[in-house]
Every structure is written in structure tokens, then in C-alpha cells.
Amino acid sequence: MPAAGRTARELERPPRSPARKREEAAKGQTRKKRRRRIQHAVFSLGNGLDMPLFVFIMVLLAIGLVMLFSASYANSYYYEDDSYHYITRQGGFAVFGIVAMLLISTFDYHRFHQLALPIAGVSLVLLMMVLLFGRVLKMESIAPAEGVATRWLQLGPLGFQPSEVAKFALIVVFAHMISLYADKMGTFRYGVLPFVGVLGLFAALVFLENHMSGTLIILALGAILMFIGGTKPRWFILGGALLVVMLVAYLAFGGKDDAGEGGVYQMDRISGWLDPFGDKSGSADTWQIKQSLYAIGSGGLLGVGLGQSRQKYLYLPKPQNDFIFAIVCEELGMVGALVIMLLFALLIWRGVYISLHAKDRFGAMLGLGLTFQVGLQAVLNICVVTNTIPNTGISLPFFSSGGTALLMLLGQMGILLNISRSSNVEKT
Amino acid sequence: MAKGTTEKIRRKAMGLTAFLIIAGFGAAAGSLFHWQILRGDEMRAEAMEQSLVTTSLPSMRGTIYDATGTKVLAQSASVWTVVLEPAYIAGDEALRRTIASGLSEILDLDEDEIYKATGEKGSYYNIIKRKVETDVRDKINQFKKDHEITSGIRLIDDYKRYYPYGTVASNILGFTGSENTGLEGLELYYDSELSGSTGRLISAKNALGTDMPFEYEQIVEAEDGHDLVLTIDETVQSILEKYLAIGIEKFQVKNGAVAVMMDVKTGGIVGLATNPNYDPNDPFAILDEKTAKAIEALPQDQQAEAEVAALQNQWRNKGVSDTYYPGSVYKMCVGSMGIEEGVITETSQFTCTGGVKLDGVKDTINCWQTVGHGTTTFREGLCNSCNPWFMHIGSLLGGEAFCRYREAFGMTDKTGIDLPGESYSIYHNFDEMRPVDLAVESFGQNFSITPIQMVTACAAVANGGYLVRPHVVDRIVDSDGNIVKTADTSYRRQVISEETSQLMADIMQQNTYSGTAKGGYVSGYRISGKTGTSEKVAKHAEDPSKPMEYIASYCGFAPAEDPQYALLVFFDEPDRENNGGVYGGNAVAGPIFSAIMQEALPYLGIEVKYSEEEYGQLDMVTPSVVGMTIGEAQAKLQEDGLFFDVVGDGDDWDNKVIEQIPESGSQVPKEGFVILYTQGYDIDNALVEVPDFFGLDKVNASYLAAVSKLQVSINGVQDEGALAMLQNIEPGSKVKKGTVITLTFANNETTEAFANIAE
């Protein structure tokens, strides 16, 4: 047992014996209790924090920042006239994010029980604002469009994707609901209906942004949480089948006309995935895949060396964003890429481990949700960059450029750390 | 509140996690293995290829020098290519306008087109003008500086070809195209030697095409081309071209002309002038004004075609690419064959009755002198250019020997001269040669050779029988001055013996002195010459309604006792209807041959040796009398046997002479006169118009000159019947009284023409 202070577990643990409780009560130490609380708040930053998780987070963040600097260098230099353009922004957010993470790690996650519905409400409002400003009012300054998708909201200096908020909101709400309905999850009324309603609402709003990858992640996260929470497997078979039918219908009816015009961009991405060097390799998405594969292939086993990427020199479009892992593969080679994948795997493993040791259902589900969100994004991103699956716009956690996204990610990691503080994980 | 986890939850969560990590990252790792290890090299190569840009570095093309090694006939100098890089400026509307208006003014281009070109976002390299010179480059740089333009306009080094002597030797030199590649002449034939090797700069570029911040450069240095030193001497070449132009003008030649001079011992071509020619500095301009006007007069739709034809024609080197019937000039070869083969001797006799009737040929083949030459020796036969005599030699030789010698003289092969476009000759093979073909070929008709083949054969007759290799490049020198290659001056074979050669030279010298080739006579040199007047039978056969056209040629060598240089002059279709009726080789080509030899031989260092007779007719040098009084001048001139006249105030013999014509040191005929000019003479009174001496005999020419207060110096044939064919000052031009006009005389006898060859 560490000497410095008392662990969170001890703090929350019920008194060992009525005699001792009485003894303490006798001392009537409300003053002492307050002092202990302050002591806890100040000194417990490292106190009860799950050290392996914290280390994995910090190592990934550090590597991510170095790679972002390298990958963004050329774009910064040529387009922003400042080689440090992206790294200074990202670095600033990272520092801010670490502070936020540590602070949030002291914020008792149980408060999210009460905050679940307000967060969901705010998230829905933000999603609807995107649609209102972007689709209806066409106010580019508030909701800028990227190609067919409109997924950003610019509120003053703060630019972010409400779909990111929606993912978090969904996790919180689902964790809340699952812990509430704990034993009734096997029923249709409690285990399926309310979940499908919430999930359908979020997914529909994100889908209307034309944000395919966001929709898929939200659906996947929701399904995972429901499945672990206890919803009967047959509903997933039904839901999966329904989804496939809808997807096929979408792609079929949204397909190109005889002249090859119009249609959904997803079809282009699928054809680009199947033949990245084909005739259509001039189109933006396929070009990106092609250049990504050039970068990955150039790396070979050991890579061309940190900072030595050739493909980042404006060949691979926006190498600091979704395709940053291609530059990682080029500079650090297959070995470097595997090490980073291993780090992500360790992070996921630790997150799941912490969650499964949370002392209540809400903490467990919240932790699993956050862990799976990071895990899903990392896996999907890496699979996209290596052309394992068709191109979707998923960024790589800890690596891809994006200040508010990084801030949110670190905040969520803070929640996970808080769960670790109060869980019964063995401390290291 | 529910318990943290149950076993069920634990199992599901662990299962999902394992699935996510193993399936997700496993698949990704598989992909990485596929792309990085299995197809890594392929991907790397593709990536390299798209990022490596090769820039070619131009090499300096070699210089072409004339035989003196000092006169530059062709040289390259730096110029620049103006390139737009629209990608950097396409977004800036104001800048585009500025650039369009600025460049259109400097480069004399269309402003709208430049403006349009600046808008092509995807383009990084758009050539808008090639080969701008230093002044334009400076203007562009100043323009960029003035408007603070840092990108968007680039100047790329290049070279341009200059030909300092303009049209001189244009048909030999050729010219280069926009990529510094030879398109004609030596520029084409020696293109690989002249061009050197283009260097390459391989550098890594980003997708915008600008340099990457890190160093990756590989340079293959450009290697400058070799220089050519020609056997062509610019001075001789200019002399050839000058007289060729005079001849064309004088004799209204319709179809071009060639003059080619060869060093008989080495085969080096000293000069090769052809007409039409062009200015290689501007090869796409039609040089001949008449042709240009004729094209302009054509209907619009035919102009382009006619222009192409005219350009092809002026670029053509008539000396190597055109074939013609050598005509009687060829008799020098046939005579050599007869003597060498022993079928005739110098004194063999043959009786010419004016024509030969062959079995199976409808018409008699006539001698040009249809009454016949009677019984003559071979020497006389050649000097008479008697056709039946040479048909006789042909029949004595027989087809087999004739064809053997014909081949030995190089008439059946290309000469291999180092110029592009040499033609094959056209002749009857031995197998298909009928008696009539042999008879007609014996005096040079009905088989076609190139002028260069004829002059090479002539050189063999001259130099002791050796067939040389004609060439125009003496040596190839690299940029450090080392000789890379020298011309092969060895003989191909000996055709005739030295004795035969000497005998032929002697007979031909007599021919020039007193035979049918007197037109080529040059005072002070013993010329061995032979005339030729070839009928363009094939052309006549195509359209018999038009009169027969002729090629007037003269071929010979000098000096006869030790032949050094052979010269062939030929004019294709002198217009006898408009030039006073001359078309024969002796009358048309002879005087030009004579004038060229007279000017070129002293320059080439051939010593003048006058015979006594020639010496008596020689002009004398005018003494200087400027600054003397009229009285003193009169006394001085009298001493030299010269007369005088005064322009200005001549009453007072104490007046000073301020000017004299002819000037001191220049030629004046013996017993000629000097005009003395005194202070304040009237210039109008001093000038006279030069009359046209063409076609006058010596007496009348002297009389006409005297009337005009001019003097004549006689050149060429000195015989009584000779007529003035050339004058060195154009009729109608104004000269001062007393000026000496040099007239070249020739006999206007038309020899060698024959008739009635019906095929």
C-alpha cells in the first residue's frame, strides 16, 4: 500500500467495522474530512491513476505529435508559409488537452449520470445546427461544406465536428441507460426499443450530414454497447440485415446514371479501393489511396527514416489528416507501423481492463464505450490507409491534425483515467 | 445500482476486444506486408518516378570554320526560351493582366493569348517564345524587376545558330531546327558530331514541380559539340557565288546553276556554289525575289504548296542532288578510255562526215557541225568536240570496256561526299546496252550523273588517273582543339595511267587555247578545259512543242602542266530567247569559268606565268600623278606611254591634279589614258554612264568605250571572232571618266549540240 495518502479505493470503501466508524464519527471530523477532500483533489493526480494507461496515452500522443510535425511539414511550408503551422497548433492543443485530461481524471465520472441527458440534448442541438446552417441556410461561414459532406460547425474561433460530440453523448447516454435497465436488458421494451430510438436519431442526423464514417462509427458503438449491455443477439441479426438492405438500396438508387454522372461518392470510393491504380486514379479519393500506397510501399521494412518522406511533398494530399499513417509507414517502415499498432492494441487492452474492473455498471459501460471508440477509429483508419477497406473519412486518434478533436479525445481519456482511479484495478 | 460487471459482460467485452485487435490490426498488418514487402519495390519505383524530374541541359553546338580555320561559317550563341509557369500566377487577376500586356509588348505576341495562357492552373511549363536574344532577355528581366514578379515567368538557356556570311555556302552548311538539330547540309550530315550530347539534371521535385528542400540532384554534364574545319574556302566560295550569280543574270538562266571547285589531289571541295540558295539565318524565307513574287501571284489555295516546293528547291544542293547529262564534257573521260585501252593514239585518224547512221536507228546521229569535220586526228577531234569521233572511240572500246571504265571513273556509284541527299546516277547496264546507247553515251548524252561525279572524274583525268574521295570537311576538332577525325584523302583507285593523264591535259589545254573551249581561256594560266552543251532530251520529249532546253557546262583544270584545281561550271537552261541567243557551254559557262579561275587561282597561290604574246597585251600599272601640276603629270604619263585628259580647269598647266582616274596603282591598258581632275571640277561633267558591251567584238567595244571616255581591259579569249560576254561594271551605272571596264570575251559558237536522237 503506497504511503502517500490513501487510495481512491480506500476512500470509497465502506468502513471496515462499525466500531471504527463509530470511532471516527466520535471524533466528529467534518473538518478533517474536508481537508482530506482537498488533499485528494490536489495530490491524487497521480494518485489512483492507472499508470499503464497513462503511459500508453502519453507515448502515443508523443509519437503522434512527432509524426504530425513530419507529415505536415511540406504542406505547412508550401501552403501556409510556415513549416510549424500545424505542429504549433496541435502542440498547443495537446498541452491544453493533457491538463484537461488530468483535471477531468479527478472529476467523478458518476456526475455523468446526471449529465447524460443534458449532454445528449446539447449534442442533438449541435447536430441540428449543422443541418440548419449547412443544408438549409447554406451559411458556409458557420457550417462549411467539404465536398458533399457538411460536418463542421464554426462557432467563433471554435471549429469542431458535432458528430464527435454525438459519439461521446451516445456513449454516456447508453452507459446511463444500460446501468439503469441493467437486469431488464434482455427484454424488447427496455433492451431494444429505447436504444434503437436514441441510436436511430443520432445516426440519422449524422447521416444527413452526409458523414458516412461518423454514421458507421455511431452505429457500431451503439451496437457494441447494447450487445455487451445485454441486448439479445437476435436483435443484432435483425438490425444487421435491415442495415444491409438499406445500404444496398442506398448505393443502388444513388448509383450513377447512364452518362456516368451523379450518384453517391461512396461508389467511387469502392471502385478506387478495388483498383487504386486504375483509370480513375485521377479522382481525388483514389488519388489519395494511390499516393498512400506509394508512401507505404516506399517505406519497406525499416522505412526511409524520420522526416525523410518524399510522398508528403504535396503528392499525398493533406498528409497531416486522415492519411498520416501512410507517412508513418513510409518514414518508420513496417516495423514502426507495427509498433504503433501494438501501442494502440495495448491502449485498448488497458482501457477494456480498467472498464471491466469498474465497480459499477455505468463506469464499466462508459469505459468500454470510450475505449471502443478509440479502438474502432484506430483500426478503421489504419485499414483505410492500407487500402484494406474502402476510403472513409476517419482520423487517427493521437496522430491526425485537429485541435478540438484532440482536446475531446484527451478529455475522454481523462474520464477513462477517472474510472481507473475509482475502479478496483491494481495500482502500479 | 447494478454490479460493475458480470461474467457475461466480461466475456463479451473481451471477445469483442480480441476480435477488434486481431481481425482489424491483423488485416492491416497483412496489407502492410503486401504493400511494403511484396510490392514495396514497385511502389517505391512508382513514387520515385513521379517525383523525379529530368531537365535537359543544352549543349553548345560546334562551330563550322572554312579552310583557313579562321573564318566562322556557322556558330552558336546563347539565346533564351521564354516559359510561362501559369500555376503560380493563375489566381492573381491583376498580375495576369500585367504580364500579358508586358510580355506581349516585349515579345511582339498577342496579348489575349498570353492572358489566356496565364490562366491554366494545372500548367507549370508553357513555352511562349523560343530563341530570344540578349536584349529581349534583359527587357524581360527588367520587366520582372519593375513589377516585382518573382515567379511565373522563366527564361531557359538555349542556343541559336548564326551564319555570319549569310547566303555564302548555304547549300553546303544547311541549317538547324528549333531543337538545335541539323535539318539540311553539313548541319544534318554531321549532326551527331556537331550537337555534342545534351546534359541532364535529374532532381527531386514536389508535386508542384518546384525543388524539394532536401538535396537530390544528379547531373550529367552537357558535352559541347565538335567543330568542323571545311575544305571550303570562304574566299573561293564567294568568288564562285559571285560569278554564278552574274552568269545567271547575264544569260537568263531558268533552272539554277552549279559551280564546284576541287583540289584534284585530295578530293577536297574548295568551293561549291549552287543556285538557287538561301540565307540559313532565315531558311524559311524564299530568297529569290522572282520566285517569291510568282508565289504571291498564285491563288490563295495554291500558295502553301508552291511555297513548300520553292523552299525545298532553294535548300537543295544541286551539286550533289541533281543529275544531268554531262554532254561533251564527258569526252575527256571517253578520250582517256580510248588512249588508256590503246584503241586510239593521239594521232589516230577518223573521218567525220557530219553524222553517223546506226543499224536499227531511224535517224542519223549528227555531229554538231553537220557538214562534218573531215579527216582529223584524235587531238583535233577533241578540240573540235567532234561527236562521230567519240562514237568511233566508243565502238572501238566496245560495251564491256566502256562500262568497265565508266565504273572506274565513278559514274555508277555515289561519290560518298559528306553531304546529305547525294543522288544515284542513271545509266544503261552493260546487259541492256544497245549499240545506240553506247554511241550516244560516248559523247555524254542519255545518261545522268551528278556534277560532283563529273568533277571527280575530271580530277582523275587531271591528277594522273587517281579517283579521289570528294569531301567538304577537312577535319573534326573537339572543343579542346584536338583533332578527332581527318578526311580520307586516299585514292579510291587509279583509273588511267599518268601518261594518259598528261596527254589528256595537254590536248585539253590546246582545246582551251585554240579549240572549241576558248571561252575558258585565262590569261597567265594554262587551262585544260572541255565544254559541254547537253540537250535535255527527256524534257523535250515530254512536250515537243517547246524548244529544246540545254545545260551549258564547262569543266576543266589548271595549271595544265601540274594540275591543282578542277572546276565545273554548269548553267541549267539559259534562256536563249531572251539572252541574245547564247546557250552553248563555251559561250555561257566558259566566260564564267574563266572569270572564276582568273580570280581564284592567284588567291590559291598558283603562280602566274604569262606567255610572250600574253605579256604584250598585258595592262600596266597606273603611275601616281596626284599632287603634281598638269604639266608635270603630262611629262610623267608620256614617259609611260600614256595619254591624258583634264576635267576642270585645264588651261593653266600649273594647276594641281587633285584626283586621277584610273587611280594610282590600278590597271590601265597599254597606251591608255589617265583623266586628271583639277580643283573645283564639275562632278556632273565628270560622270558618264557605262554602256552595255554585251555581244560586241573587241574593236567595237574599244570604240564604244572611247566615245564614253572609258577604257576597256580585255579578259578571256583574245581571238578576232570573240565577243564580250561579261563586263565587271553593270551597264547603266555611273562612273567617272577614265574608269577601266574589264570585259570577258568568248566565242559565241555553239558547239556540241546534236539532233535526231529519237528514242
Out of B:E46, B:E42, B:R44, which residue meets the side-chain hydrogen bond (donor to acceptor under 3.5 Å, both in side chains) rule with A:Y294? B:E46

Could you grab the distance from atom CD1 of A:I296 to atom CZ of B:R39, nearest 0.5 Å is fine? 12.0 Å

Quick check: are there more than 12 heavy atoms from other residues, nucleotides or ligands sitting under 6.0 Å from NZ of B:K131? yes

Parallel, tilted or perpendicular: which describes the rings of A:F277 and B:W35, with under 30° parallel and over 60° perpendicular? perpendicular

Name the region of A:L293, side chain, backbone, both or neither, that has any atom closer than 4.5 Å to a heavy atom of chain B. both

So which of A:C383, A:A345, A:A74, A:G300 has the largest heavy-atom pair count under 4.5 angstrom toward chain B? A:G300

Apply side chain to side chain contact (heavy atoms under 4.5 Å, CB included) to A:L356 and B:M14, showing your working. CA-CA 9 Å; A:L356 293 180; B:M14 299 284 259; 3.8 Å; yes

In A:I224, A:L368, A:I348, the residue satisfying side chain to side chain contact (heavy atoms under 4.5 Å, CB included) with B:T17 is A:I348

Does atom CD of B:E111 have more than 12 heavy-atom neighbours, drawn from other residues, nucleotides or ligands, at distances under 6.0 Å? yes

What are the two closest non-hydrogen atoms of B:A13 and A:F372, and how far apart are they? O-CZ, 4.0 Å

Taking side chain as everything from C-beta outward and backbone as N, CA, C, O, which of these in B:L16 sits under 4.5 Å from a heavy atom of chain A? Side chain, backbone, both or neither. both

With a cut-off of 6.0 Å (strictly less than), are more than 12 heavy atoms of other residues, nucleotides or ligands near CD of A:Q114? yes

Counting neighbours of CZ on B:R154 that are heavy atoms of other residues, nucleotides or ligands and sit closer than 6.0 Å, is the number greater than 12? no

Is the number of heavy atoms from other residues, nucleotides or ligands within 6.0 Å of CD (B:E93) greater than 12? yes

Ignoring hydrogens, what is the shortest heavy-atom contact between B:A47 and A:Q311? Give both atom names and the distance. CB-OE1, 3.7 Å

Who wins among B:G24, B:A27, B:G30, B:S31 for the most heavy-atom pairs under 4.5 Å with chain A? B:S31

Contact summary for A:L338 and B:A29, nearest pair of heavy atoms: CD2-CB, 3.9 Å

Side chain / backbone / both / neither for A:L380 at chain B, heavy atoms under 4.5 Å: neither

Atom CG of residue position B:D301 - does it have more than 12 heavy atoms of other residues, nucleotides or ligands inside 6.0 Å? yes

If you tally heavy-atom pairs under 4.5 Å between each of B:M43, B:R10, B:K8, B:Q36 and chain A, the highest tally belongs to B:Q36

Roughly how far apart are A:N387 CG and B:H34 NE2, rounded to 0.5 Å? 9.0 Å

Quick one: does B:I9's side chain get under 4.5 Å of A:R361's, heavy atoms only? yes

Are more than 12 heavy atoms, taken from residues, nucleotides or ligands other than B:K129, located less than 6.0 Å from that residue's NZ atom? yes

First locate atom CZ of A:F344, then atom CG of B:L20, and finally report the distance between them rounded to the nearest 0.5 Å. 11.5 Å

Quick one: does B:I21's side chain get under 4.5 Å of A:M341's, heavy atoms only? no

Considering all heavy atoms, the nearest A:I228-B:K12 contact: CA-CD, 3.9 Å

